[in-house]
Amino acid sequence: MSLEDELYQQRISRIAEIEALGFEPYGHRFDFTHTIPQILAEYTAKTAAELEQRVVVKVAGRISTIRRMGKAGFAHLLQNGERLQIYIRKDAVGEKDFALYEKLDLGDIIGVEGYLFRTRTGELSVHAERLYFLAKTLFSMPEKWHGLEDVEIRYRQRYLDLIANPEVRNVFVTRAKIVSSMRRQLEAHGFLEVETPMLQPVYGGAAARPFRTHHNTLDIGLYLRIAPELYLKRLVVGGLERVYEINRNFRNEGISTRHNPEFTMLEFYQAYTDYLGMMDLSEELLRQAAIDATGSAVVEYQGEKIDFGNFRRVSMRDAVGDPSLKGKALVDEFERNIESTLIQPTIVFDYPIEVSPLSKNKPGDPDFVERFEIYVAGMEIANAFTELNDPAEQRRRFEMQLALREKGDEEAHQMDEDYVRALSYGMPPTGGEGIGIDRVTMILTNTRSIRDVILFPLLRPVAQASGLPNHEHDS
RNA sequence: GGGCCGGUAGCUCAGACGGUAGAGCAUUUGCCUUUUAAGCAAAGGGUCGCGGGUUCGAGUCCCGCCCGGCUCACCA
């Protein structure tokens, strides 16, 4: 028998032993008096003498360490990323509960009732008077010193990563703070949160290859959206003058430390402003999100201090510094040599018209449009423009894209007749922007890989895990 | 897709030159009523990612494949 089977069988048989003692191996509701973080926050400052007026508590958590010493012992319970020590002695908990204690495994989830005290070495602990059994673990937990290091297991079994590595938990707590900060701020500015289709008959709003799927009852092909943009602007036409959506986009392209096939985008649209208005708003949003997520507008990323309170604004032409370059060549040069050098928050504005089919022309400068992107730590984190609201011009732009598609550009935009029709009813002048939530989270949590800010990043399934056949020519 | 690196016990890792697979933690048994990487004593535990090849002999060398990481290309 392999060790893994042996450990498993051991724990299966322990379930029967726990039942024989009169406990359920998988408990029901447990009414705790405090969470472990609450106890630590409330009582860490109390001295041993102050705790002599007994504070009785009921707490629950997962056993993360255990030290048995004959007729007594210590353990640490882990809850919400924090640990509290418990002290169990036979004469305090009684025969039955002590027999349970002797059968506990690392990773089991238990409840403890008892009073707070400080040990000889001063650690705040619960002096147990009663134990409750809440859930059995059948597998052994990652090692206590090094945690879980195997990157593949960390991503495939994220729950183990979250148990073993407290800093991972913090990344996702910070991510949630960023999202809620954005929501709070946009709502304060009068934006309405909406949801638009993920399944789209025509995909648009970005240059990317899509995922394809099929609806059985309608018997039609559909695309997973690459962006919500064209739907959000239909809503602006409809009079929802400030709208935003925070949701997933899907792009059928490469995977890297900065790219996951599904990723989270914040898009927002504001009627009667332009890209300059979007610049001001995005500086404010990002600065405040940094403060709400980390406590400061200045954050450290990979050894660099990045100041979200101070954005530089530079035109793409000035950033590249070569007046002879135009169109795609200008963008190529920018992406090749300039982008990675933009560490501090930088707004790069005025893009060539060729690469910007949804942006409004720059008055007096027919080769350029009113568009900007924001770069931080060498990464693009936002893309914004004054929205093109002239339906005839929009149709010409789509036609330019179709010409590119004819020449084999798989990422060129599709014609969207329904969108042109919507614009034909009149869309007010509008500024719009998309902010990549995953990348902002990377910077604000000081992580190098996008997989570390996505709970379940896409990995190749192991063995039989995929339920679908692979289609060789499905692109 | 290309290049580089990795996959050895449940976890974290060692294994020159090819010569009977190791450590710590975890597990099991015994002792231990304020320990905290608890301690002491003993024990069990491995298709060395998978498949071929070379060899008297392969964790180690060669070939192919699988999975992952970094990186380049594409992209946000």
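Computation of the quantities below employed the complete heavy-atom set of this structure, encompassing side-chain atoms and omitting hydrogens, waters and symmetry-equivalent molecules. The structure displayed is predicted, hence computed values, not measured ones. In what follows, every chain begins at residue 1, and chains take the letters A, B, ... in the order their sequences are listed.
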In whole angstrom, give me the gap between the [atom1] atoms of [N] and [M].
| N | M | atom1 | value |
| --- | --- | --- | --- |
| B/G57 | B/U20 | P | 15 Å |
| B/U8 | B/G46 | C1' | 8 Å |
| B/C70 | B/U29 | P | 42 Å |
| B/C61 | B/C48 | P | 16 Å |
| B/G15 | B/A21 | C1' | 8 Å |
| B/C25 | B/A9 | C1' | 12 Å |
| B/C13 | B/U71 | C1' | 26 Å |
| B/U55 | B/U60 | C1' | 13 Å |

Select one nucleotide: of [options], the one nearest the side-chain heavy atoms of [X].
| X | options | answer |
| --- | --- | --- |
| A/R460 | B/C66, B/U35, B/U33 | B/C66 |
| A/K144 | B/U34, B/A38, B/G68 | B/A38 |
| A/Q10 | B/A26, B/U35, B/U27 | B/U27 |
| A/R14 | B/G24, B/U27, B/A76 | B/U27 |
| A/K71 | B/G69, B/A76, B/C32 | B/C32 |
| A/R67 | B/G10, B/G69, B/U35 | B/U35 |
| A/E143 | B/U34, B/C11, B/C67 | B/C11 |
| A/R439 | B/G69, B/C70, B/A76 | B/A76 |
| A/T257 | B/U35, B/U71, B/C25 | B/U71 |
| A/I450 | B/U27, B/U33, B/A76 | B/A76 |

Sorted by number, the residues of residues 126-140 of chain A with heavy-atom contact under 4.0 Å to RNA chain B: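 Heavy-atom cutoff 4.0 Å gives A/S140.
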Those residues of residues 328-353 of chain A lying under 4.0 Å from RNA chain B by at least one heavy atom: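 None - not one residue of the stretch has a heavy atom sitting under 4.0 Å from the strand.
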Taking the basic N atoms (NZ, or NE/NH1/NH2) and the acidic carboxylate oxygens, is any pair closer than 4.0 Å for [X] and [Y]?
| X | Y | answer |
| --- | --- | --- |
| A/E262 | A/R248 | yes |
| A/D105 | A/K136 | yes |
| A/R313 | A/D280 | yes |
| A/K328 | A/D332 | yes |
| A/R154 | A/D452 | yes |
| A/R234 | A/D416 | yes |

Is the shortest side-chain N/O distance from [X] to OP1 or OP2 of [N] below 4.0 Å?
| X | N | answer |
| --- | --- | --- |
| A/R120 | B/U35 | yes |
| A/R251 | B/C74 | no |
| A/R11 | B/U28 | no |

Return one dot-bracket line describing RNA chain B 5' to 3' (Watson-Crick or G-U wobble pairs, both distances under 3.5 Å; ( ) same strand, [ ] crossing, | another strand, . none). (((((((..((((.....[..)))).(((((.......))))).....(((((..]....))))))))))))....
Could you state the atom-to-atom distance from [atom1] of [X] to [atom2] of [N] in whole Å?
| X | N | atom1 | atom2 | result |
| --- | --- | --- | --- | --- |
| A/E152 | B/C70 | CD | C1' | 15 Å |
| A/E149 | B/A14 | CD | C1' | 16 Å |
| A/N165 | B/U12 | CG | P | 10 Å |
| A/R448 | B/G69 | CZ | P | 14 Å |

Classify [X] by what it touches in the nucleic acid, base, sugar-phosphate, or nothing, heavy-atom distance under 4.0 Å.
| X | answer |
| --- | --- |
| A/A207 | sugar-phosphate |
| A/I381 | nothing |
| A/E411 | sugar-phosphate |
| A/I153 | sugar-phosphate |
| A/R83 | nothing |
| A/S449 | sugar-phosphate |
| A/G434 | nothing |
| A/D150 | sugar-phosphate |
| A/D409 | nothing |
| A/R451 | sugar-phosphate |

Could a donor-acceptor pair under 3.5 angstrom be found where the side chain of A/Q85 meets the base of B/U35? yes
Would A/E143 and A/H146 count as having a side-chain donor-acceptor pair, cut-off 3.5 Å?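 Judged by distance alone, the side chains do pair up.
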When A/Y203 is tested against each of A/Y223, A/Y419, A/F250 for ring-ring contact (aromatic ring centres under 6.0 Å, His included), which residue passes?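 The option that passes is A/Y223.
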Enumerate, atom names and distances included, each donor-acceptor pair closer than 3.5 Å involving a side-chain atom of residues 193-200 of chain A, sequence neighbours excluded.
residue: A/E193; atom: OE1; partner: A/R183; partner atom: NE; Å: 2.8
residue: A/E193; atom: OE1; partner: A/Y244; partner atom: OH; Å: 3.3
residue: A/E193; atom: OE2; partner: A/R183; partner atom: NE; Å: 3.2
residue: A/E193; atom: OE2; partner: A/R183; partner atom: NH2; Å: 2.9
residue: A/T196; atom: OG1; partner: A/R225; partner atom: NH1; Å: 3.1
residue: A/T196; atom: OG1; partner: A/E245; partner atom: OE1; Å: 2.6
residue: A/Q200; atom: NE2; partner: A/P197; partner atom: O; Å: 3.0

Assess the pair A/F133 and A/F23: is the distance between their ring centroids shorter than 6.0 Å? no
Anything under 30° is parallel, anything over 60° is perpendicular, the rest tilted; go ahead and classify A/Y275 against A/F372. tilted
Test: A/R175 cationic atom under 6.0 Å from A/F172 six-membered ring centre, within 45° of axis: no
Within 45° of the axis and under 6.0 Å from the centre of the six-membered ring of A/Y101, does NZ or CZ of A/R68 qualify? yes
Per the ring-ring contact (aromatic ring centres under 6.0 Å, His included) rule, what does the pair list look like for residues 333-359 of chain A, sequence neighbours excluded?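 As it turns out, the ring-ring contact (aromatic ring centres under 6.0 Å, His included) pairs with a partner in residues 333-359 of chain A, which skip direct neighbours, are A/F334-A/Y375.
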Please classify the glycosidic conformation of B/A16 as syn (within 90° of 0) or anti (everything else).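 It is syn.
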With syn defined as a glycosidic angle within 90° of 0 and anti as everything else, classify B/C17. syn
By side-chain hydrogen bond (donor to acceptor under 3.5 Å, both in side chains), A/E129 pairs with (sequence neighbours left out) none
Spatial distance of atom OG1 (A/T137) from atom CD1 (A/I163) [nearest 0.5 Å]: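 Answer for the OG1-CD1 pair, A/T137 versus A/I163, is 7.5 Å.
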